[in-house]
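For the single chain, residues carry numbers from 1 onward in sequence order. Atoms considered below: every heavy atom in the structure, side chains included; atoms not considered: hydrogens, waters and symmetry mates.
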Amino acid sequence: MEKKIEQKITENRSEIQPMSVPAPLPLQQRKPVNPVMKENTVYFLGLALLYSVCFAIAFYRNFIGITYPLITAVTLGVCVLFLKKSGILWKKSNWWYVGGSFLLGISTILTTSLFVVFFNTVGILLLIMVFMLHQVYNDREWRFGQYICNLLFFYLCMIPEVASPFIHVGNSWKKSRQKEDRRNKNIKYIVIGILIGLPMLLILVELLSSADQIFSKFVGNIFHKFWSQIVFSPNLFLVLFLMILGFFGIYCFLSALTLNNMPEWKQKAEKKNPVTAITFLSMITVVYLIFCGIQILFLFTGGKLLPEGYTYAEYARQGFFQLLFVCIFNLVLVICCNSIFQNHKILKLLLLLCSGCTYIMIASSGCRMFLYISVYHLSFLRVLVLWFLALLVVMMAGVVRNVIKEDFPLFRYCTMVVTVFYLIFSFGRADHLIASYNMAQAEEEISYEDLVYLTNLSMDAVPALSKYHFAHTCEKGKETSEDFYGMEQREGYAVKCKACRMDFTFQRVLDLTQDMNARTFHISKYQARKAAEKYFQEKGS
């Protein structure tokens, strides 16, 4: 009887069991979100607010002053404080990124070239981002393409983090309300009292100022200046904009680092069959070999075998930028093929051949550009092209190494190479080099149009130009009747007169640099001002 009862109980249990809740599935292994900013909201809000004040002081009507490297150092300091608060250990290899970003900040106060200043800023932002990603994540297994994707992904993650300060403040407010005491209540009442008292105070001061002249002179004027020059001043809106930009910029950046949602790329994607790459690379390499053979025969031999109707200079100047584009295309092509397709001896051979042809094309581009410079002298674009060709030579060496050895850290190598080369370019002051070279080549025979180009360069070129003086070829004191090459008309300067052009340029430098102070001091502007003063002294003597 008891056995029958037990059998019925077990049968009932077996019938009920399928209706029960199934066991939970194993969760995917994910890194937990770093709670450091939620747990230390007041600390990071205060840090971001202090940073926003420094940001506004640094960039208020002053983008390239002496404060630029200082705000770079402050940004790095905030990052270090975040790492310390998060308990993240320092990696020694990060000194490379920290040093590079700070050197770019110093470079900014040595040049007034907007091109260089812009890319200095981009370089600082990228180096600081790579520095922090390298600290927070294990990026050793990230390949070149994966690193680029992760950087873009991180930028996207920063966008929704604009709401993070409000969320963190809300959570902190809820916690503080649970532990609210008498002091917190008094603070709330004090704030309400201030909001009520301010409009009353303003109205009463206005009435009392109109009632008594002495009171108006000592107290009323202060309130009027505060109201008109600060509260409703356009300068206030600029300061607030800079503070908001600095606050949300640094807070969103740090908050995005706490998400720990970056793909780790632990499982390598299966590479494709190399036959496809071997097929199209074979076709391309044949064309490259023919092209390189022509370069060796007709360009590197000094034009001895040129076809009829071609001069050596005409042939050298032909198709330079198309050739430069092909060199960049080859660099990307080799990186993509090496990353996407499986290893194969023939594929490696074709990639090495393609890299070798790229070196010949780079040499051909360099020869063409040097020949072009020998006739038309330097320009900013030509200096930039020569720098980029040298950069391609070194970067291509890393690509070749990556073809031979697959685990070669190509992204880190390219980052270091680009940083070093760009630091050389940034500290090199290209405009000063251009003015020095072109004036030394032409001197008195320089055309007015070429002189206009040199005087339209940044202030970096002024010390080089100040060494040269031209005689007036115009009636001095004659007012110009047409636009002075894109600048405002000035009385006393004549068009097509090289001496007037130089006088106009140096006077403009003196006008633009007369208001420099301790905050807006800039080394290149200071040197340009001293050169302009010396120019007029030598001219007057």
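Using bins of under 30°, 30° to 60° and over 60° for the plane-to-plane angle, the ring pair Y147/F411 lands in the parallel bin. Using cut-offs of 30° and 60° on the angle between ring planes, the pair F55 and F59 is perpendicular. Ring geometry for W95 against W90 counts as tilted: the plane angle lies between 30° and 60°, on a 0 to 90° scale.
Take R382 and apply the salt bridge (Lys or Arg N to Asp or Glu O under 4.0 Å) test, not counting sequence neighbours, and it matches no residue.
Exactly one residue among R529, H522, K530 makes a side-chain contact (heavy atoms from CB on, under 4.5 Å) with Y526. That residue is K530. Of the candidates T121, I128, L127, I124 forms a side-chain contact (heavy atoms from CB on, under 4.5 Å) with just one, namely I128. Across I64, L104, V122, a single residue satisfies side-chain contact (heavy atoms from CB on, under 4.5 Å) together with V117, and that is I64. A side-chain contact (heavy atoms from CB on, under 4.5 Å) with S524 holds for exactly one of T112, L110, D431; it is T112.
The number of heavy-atom neighbours closer than 6.0 Å to CZ of F115, taken from other residues, nucleotides and ligands shown, is above 12. Within 6.0 Å of CG in L114 there are 12 or fewer heavy atoms belonging to other residues, nucleotides or ligands. Atom NZ of K91 sits in a crowded spot, with more than 12 heavy atoms from other residues, nucleotides or ligands closer than 6.0 Å.
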Side-chain donor-acceptor pairs under 3.5 Å in residues 421-428, sequence neighbours left out?
from : atom 1 : to   : atom 2 : distance (Å)
Y422 : OH     : V116 : O      : 2.9
Y422 : OH     : N120 : N      : 3.1
Y422 : OH     : N120 : OD1    : 2.8
S426 : OG     : S107 : OG     : 2.1
S426 : OG     : N120 : OD1    : 3.1
S426 : OG     : N120 : ND2    : 3.3

Can I get a per-line list of side-chain donor-acceptor pairs under 3.5 Å for residues 79-87, giving both atom names and the distance, sequence neighbours left out?
from : atom 1 : to  : atom 2 : distance (Å)
S86  : OG     : F82 : O      : 2.9

Walk me through whether Y51 and T75 qualify under side chain to side chain donor-acceptor pair (under 3.5 Å).
CA-CA 8 Å; Y51 177 82; T75 307; 2.8 Å; yes
Side chain to side chain donor-acceptor pair (under 3.5 Å) assessment of T67 paired with N62
CA-CA 8 Å; T67 54; N62 174 44; 3.1 Å; yes
Would you check, one step at a time, whether the test side chain to side chain contact (heavy atoms under 4.5 Å, CB included) holds for M516 with T520?
CA-CA 5 Å; M516 277 197 303; T520 61; 4.3 Å; yes
Given Y60 and F241, is the side chain to side chain contact (heavy atoms under 4.5 Å, CB included) satisfied, shown in steps?
CA-CA 10 Å; Y60 175 71; F241 172 76; over 6 Å; no
For a side chain to side chain contact (heavy atoms under 4.5 Å, CB included) check, start with the C-alpha distance between F154 and L257, then their side-chain angles and the critical distance, and finish with the verdict.
CA-CA 8 Å; F154 184 79; L257 287 169; 3.7 Å; yes
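F536 is listed as a side-chain neighbour of Q507, based on a closest heavy-atom distance under 4.5 Å. Y413 places none of its side-chain heavy atoms less than 4.5 Å from the side chain of R401. Looking at L512 and M459, their side chains come closer than 4.5 Å, going by heavy atoms from C-beta outward. Here the side chains of C327 and M396 are not in contact, with every heavy-atom distance at 4.5 Å or above. Using a 4.5 Å cut-off on side-chain heavy atoms (C-beta onward), Y97 and N94 make contact. In this structure, I66 and R519 have side chains that are not in contact, with every pair of non-hydrogen atoms separated by 4.5 Å or more.
One finds the CG atom of D450 at 11.0 Å from the OH atom of Y376 (value rounded to the nearest 0.5 Å).
Aromatic ring centroids of F248 and F253 lie 6.0 Å or more apart.
Of the possible donor and acceptor atoms, none in the side chain of R429 sits under 3.5 Å from a partner among the backbone N and O of A461. Remark: side-chain polar atoms of T455 are paired, donor with acceptor, to backbone N or O of V452 under 3.5 angstrom. Q135 places a side-chain N or O within 3.5 Å of a backbone atom of L89 that can act as its donor or acceptor partner.
Under 3.5 Å, the side chains of Y535 and D503 contain a donor-acceptor pair of N or O atoms.
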